[in-house]
Amino acid sequence: MRWSNSMIPTLREVPSEAVVPSHQLMLRAGLIQQVAAGTYSYLPLGWRVMQKVMDIIREEMNAAEAVEVFMPAMQPIESLERSGRNVDYGDNLFVLTDRHGRAQALSPTHEEVITDMFGAFVKSYKQLPLTLYQIQTKFRDEFRPRFGVLRSREFMMKDAYSFHIDEGSLGAVYQRQYDAYCRIFDRCGVDNYVIVEAESGPIGGSASHEFIMPCETGEDVILQSDKGNYAANVEKCEIGERGHELAGEATGELEQVHTPGCATIEDVGKIMKVKAPHLLKTMVYEADGSWVVAVVRGDHELNEGKLKEATGASVLVMADEARAKEAGFAIGFVGPHVPVSCKTYVDPDAAQAQFWACGANEADHHVKHFNWQRDLLDHVDDDCVIVADIRNAAEGDPSPKNDGGVLRESRGIELGHVFKLGSKYSDALGVTVLDEQQQARPVLMGCYGIGVNRILAAWIESDHGRDEGGIIWPMAIAPYQVVITTIKYEGEVQAAADALYDELLAAGVDVLLDDRDERAGVKFKDADLIGIPLRITVGDRGLKSDEVELKARTSEDAEMVARGDAAARAVALIEEALKTS
RNA sequence: CGGGGUGUAGCUCAGCUUGGUAGAGCGCGUCGUUCGGGUCGACGAGGCCGUAGGUUCAAAUCCUAUCACCCCGACCA
């Protein structure tokens, strides 16, 4: 492609609406254009990258014996109602009404549609396992779209769904998809990802993994053991063994302190002059309709998933403030010694005999010298107080492998997620297959997603994806593999550049010829900004000795190459890059 | 949804407090100049000042409403 024939609107200045590096660079490099909040057009360069990523995904999906299908962008609201996901998605669901007054949802994903498709055509275990996939736009009415393409209301997603008669088959295909994901990201050159255990869902075990691109602006928090043998999303991350001691001596008389209006740990700590690790954070929940109290240390965060698991409840919600107050909870000033009979779940780090300050169970008051034995255990049945891991893991916690490893916390962007769904959708939608005994069995499913546009943004967001000059694309997904920069596009230089361009095209190289009548400096800056991996500079200076200059985007220095060898040399470098990536 | 901010040229912004018919830099066009990392100079095109009302002789500027976009927060008592 000749630059002059494309549309590559590079920007010298940073558009004011972009606050994160990937968004800024995607706009400056002319990859995308914002149409509305959270919706973007892909310009020629951006779309080329998208297509290259999709091509790789498609090849690897096909190699994993998955078959591609295409589904509507909208589906009748009823299909989401059958699985209850219209409620799960809530306001995040885009719903529109057609001329007949029927509600249609813009698909946030396609589990229902694909499960119906499967159910319509597959009736026998003999046809299993089957893996179907799609690469399509998905819609979510995000409460707050942000960070450019990282959290948008429309995005390109690869979703694969597998169908099985038994666990073993699901496990095997899950592993096959997992391996395909590694190959996809490796081949894209986006090879600095981390695989973490994620919320395990209905089946349990290690049934869910996320592929995370580490970067500071990421919305996901992950923890990795410094022994390198454990990594998990904070939502899922377990914590290694921790001791606890509820029975110890009190540190002093229970002392009430007036703390008007101080409902947060920060405020309370300030007014009482107590640091967060000596405060108890006490929260009230309803587990299947019963009151439940959860206690963690002031500097820790409750993990609702863990609490739910500890309680064994099927529905766990934070207490409604009005109703909890009516029941006797001094919301905002709750301490573990609540005046209401209920179960209390305590995190091990909070279940210690030490100095504690906590809510006084009385509005506008807290207490000092709370002691578990004296102030709670002596007054309730033993089985009312349960010590359990109910908090989010944090920097410095022991690894759940209990091998001396320490958890390190970092942030990242979720690029992909593989997940065992089990029979959730087949149950809800009544999809079964006949087994060998001619018994109808609910089909087991796995689902496997990749956010295509997130791959672009997350890569640019990561340390390897950019420098002061702009984007640094990996060879495999760069919009063009080579850019020919002409010092000036005329005379001998023009002839040489054109010849080289034709040669590279003939060799099957994705090449961009900068034939613009611009100063050399402008062309160099633009080539760096848009991140083309290889640059061949053609100018009078080199041509005097019949040479051109070859430079990698990632290296400081250029090498001089005989004009006749340039194309072959570039081809060799491209092959090399695609091999190692 | 709650709080905050911003809407003026393709982009980044000034002008608004103290109303008087619209500005700079970059970009764009022409000419010249320069020519290996965003040359320099001259001339020029380009804006119903987000939209709708209101106040006023007069509104980018003051008032009201509305829309859009951005940021922070939104069950850690």
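Sequence lines set the chain letters: A, B, ... in the order given, protein chains first and strands last, and positions in each chain run from 1.
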S.K.: Which residues pass the side-chain contact (heavy atoms from CB on, under 4.5 Å) test with A:Ala29, sequence neighbours left out?
M.R.: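 A:Ala29: side-chain contact (heavy atoms from CB on, under 4.5 Å) contacts with A:Leu31, A:Ile471, A:Leu529, A:Ile530.
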S.K.: Within 45 degrees of the axis of the six-membered ring of A:Phe155 and under 6.0 Å from its centre: does A:Arg454 put its NZ or CZ there?
M.R.: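 The answer is no; the distance or angle limit is not met.
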S.K.: Give none if B:rU12 has no partner; otherwise give the nucleotide forming a Watson-Crick or G-U wobble pair with it, both distances under 3.5 Å.
M.R.: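 Pair assignment: B:rU12 / B:rA24.
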S.K.: With both distances under 3.5 angstrom, what nucleotide forms a Watson-Crick or G-U wobble pair with B:rC62?
M.R.: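 Pair assignment: B:rC62 / B:rG54.
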S.K.: For A:His23 and A:Tyr40, I'd like to know if the aromatic rings sit close, meaning centre-to-centre distance below 6.0 Å.
M.R.: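 Distance test on ring centres: under 6.0 Å, yes.
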S.K.: Under 4.0 Å, heavy atom to any atom of RNA chain B: which of residues 2-12 of chain A qualify?
M.R.: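 Heavy-atom cutoff 4.0 Å gives A:Arg12.
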S.K.: A:Phe143 has an atom CZ; how far is it from atom P of B:rA74, in whole Å?
M.R.: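 Atom-to-atom, A:Phe143 to B:rA74, this comes out as 9 Å.
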S.K.: Between atom NZ in A:Lys523 and atom P in B:rU39, what is the gap in whole Å?
M.R.: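 Going from A:Lys523 (NZ) to B:rU39 (P), I get 12 Å.
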S.K.: State which residues pass side-chain contact (heavy atoms from CB on, under 4.5 Å) with A:Val338; sequence neighbours excluded, sorted by chain then number.
M.R.: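 So A:Val338 forms a side-chain contact (heavy atoms from CB on, under 4.5 Å) with A:Val293, A:Phe329, A:Val334, A:Cys342, A:Asn361.
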S.K.: Between C1' on B:rU12 and CD on A:Glu13, what's the gap in Å once rounded to a whole number?
M.R.: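 Atom-to-atom, A:Glu13 to B:rU12, this comes out as 4 Å.
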S.K.: For A:Ser16 and B:rU12, is the shortest distance between a side-chain N/O and OP1 or OP2 below 4.0 Å?
M.R.: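 So the side chain of A:Ser16 is within the cut-off, an N or O lying under 4.0 Å from OP1 or OP2 of B:rU12.
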S.K.: Generate the contact string for nucleotides 32-37 of chain B. Rules: B means base contact, S means sugar-phosphate contact only, - means no protein heavy atom under 4.0 Å.
M.R.: --B-BB
S.K.: Going by heavy atoms closer than 4.0 Å, what residues in residues 32-41 of chain A are next to RNA chain B?
M.R.: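 Under 4.0 Å from RNA chain B: A:Gln34, A:Ala36, A:Ala37.
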S.K.: Just to verify, what does A:Lys308 make a salt bridge (charged side-chain N to carboxylate O under 4.0 Å, His left out) with, not counting sequence neighbours?
M.R.: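 With neighbours one apart ignored, the set is empty.
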